[in-house]
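The structure appears below as structure tokens.
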Amino acid sequence: MTLEAIAREIRAHRGCGFEPCETCTRLVPGEGPPTARVVVVGEAPGAREDATGRPFVGPAGKLLDVLLAEAGLAREAVFITNVVKARPPGNRDPRADEVAHHRPWLEAQLAVIEPELVVPLGRHALRHFAPEARIGEVHGTRVGERLFPLYHPAAALHDPRLRETLLADARALGAALA
Ligand code: URA
């Protein structure tokens with residue numbers, strides 16, 4: 001399967017009964033090239049992502065762009081997606097059964113791309129890959145073969161100290177790729 005075929009399947013998905021899939025404006029597959037060395041994985045689309053169909057295009061996305069630049073990565077060179085492809089109503093946390101429902105799409109995307117590093121953003125995305133790891137302990141470090149967790153940029157929007165930590169972690173990500 002190609003990334004485009006996976007994206008088509010996600011965009012056409014409806015009628016499963018899970019609330020985010022039923023109530024979202026559109027599902028957001030993610031975007032980026034199949035040759036990406038890095039896959040960034042957020043939690044779920046927010047309001048702007050739901051409206052546009054593109055990942056990380058709101059305020060958290062602006063900071064993500066800064067972080068990628070700090071890591072020496074062009075946004076266009078990275079595959080950016082979410083664990084859950086549909087916006088939960090009111091931006092509530094996705095439930096475990098909803099995460100499980102969406103999981104095969106992320107797995108399929110990772111199987112096509114085979115990235116050097118997977119960058120989960122925040123504890124919800126991290127839990128998907130390493131349920132036992134704590135974001136406060138492993139942020140900015142390589143975990144196992146190919147995980148490189150960062151704090152979620154949304155958490156740093158109103159916290160200057162966390163923003164500094166994120167920028168330093170982004171530089172560490174760049175160094176891990178060098
Ligand atoms: N937050 C996320 O986790 N994902 C997005 O796509 C946007 C904001």
Side-chain angles (χ1 to χ4, degrees), residues 3 6-7 9-11 13 18-21 23-33 36 38-71 73-110 113 115 117-131 133-136 138-140 147-159 162-163 165-167 169-170 173:
L3 286 180
I6 298 166
E9 184 182 305
I10 294 171
R11 287 196 201 97
H13 175 76
F18 282 102
E19 193 178 29
C21 301
T23 60
C24 69
T25 310
R26 46 180 63 80
L27 282 92
V28 183
E31 63 189 22
V38 174
V39 172
V40 172
V41 184
E43 179 183 345
R48 271 193 68 83
E49 293 75 24
D50 182 69
T52 60
R54 296 183 57 211
F56 280 97
V57 289
K62 294 278 174 290
L63 181 51
L64 177 61
D65 291 349
V66 171
L67 296 172
L68 292 174
E70 197 75 13
L73 292 163
R75 179 176 169 121
E76 300 71 37
V78 173
F79 193 83
I80 301 174
T81 190
N82 287 293
V83 173
V84 169
K85 314 299 192 194
R87 181 192 187 211
N91 288 354
R92 68 162 169 76
D93 290 345
R95 295 194 300 253
D97 58 348
E98 294 161 354
V99 169
H101 173 59
H102 285 247
R103 184 177 185 127
W105 284 321
L106 178 58
E107 298 303 331
Q109 290 170 324
L110 290 172
I113 300 168
L117 289 178
V118 175
V119 178
L121 299 178
R123 64 191 169 96
H124 294 288
L126 175 61
R127 188 193 303 141
H128 178 81
F129 297 98
R134 288 167 177 272
I135 190 72
V138 300
H139 68 92
L147 271 193
F148 200 100
L150 298 180
Y151 282 115
H152 196 295
L157 285 178
H158 306 293
D159 183 341
L162 200 51
R163 188 185 162 95
T165 302
L166 256 176
L167 288 167
D169 288 354
L173 169 63

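This is a predicted model, so every value here is computed, not measured. Numbering of ligands and ligand atoms starts at 1, following listing order.
- Between the side chain of D159 and the backbone N or O of L162 there is at least one donor-acceptor pair closer than 3.5 Å.
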Worked verdict on H124 versus F129 for ring-ring contact (aromatic ring centres under 6.0 Å, His included) = CA-CA 9 Å; H124 294 288; F129 297 98; over 10 Å; no

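- Interface of A44 with ligand 1, defined as ligand atoms under 4.0 Å from a residue heavy atom, comprises 1 (N), 2 (C), 3 (O), 4 (N), 5 (C).
- Within the 4.0 Å heavy-atom shell around ligand 1 one finds H152.
- Close contacts of ligand 1 with G42, meaning ligand atoms under 4.0 Å from a residue heavy atom, involve 3 (O).
- Between the side chain of N82 and the backbone N or O of E43, at least one donor-acceptor pair lies under 3.5 Å.
- No salt bridge links R54 with E49; every basic N to acidic carboxylate O contact stays at or beyond 4.0 Å.
- Looking only at protein heavy atoms, the nearest one to atom 4 (N) of ligand 1 is N82 OD1, 2.7 Å.
- Side chains of H102 and H13: no donor on one and acceptor on the other come within 3.5 Å.
- For atom 8 (C) of ligand 1, the nearest protein heavy atom (residue, atom name, distance) is F56 CE2, 3.7 Å.
- Taking every heavy atom of E43 and a limit of under 4.0 angstrom, the matching atoms of ligand 1 come to 2 (C), 3 (O).
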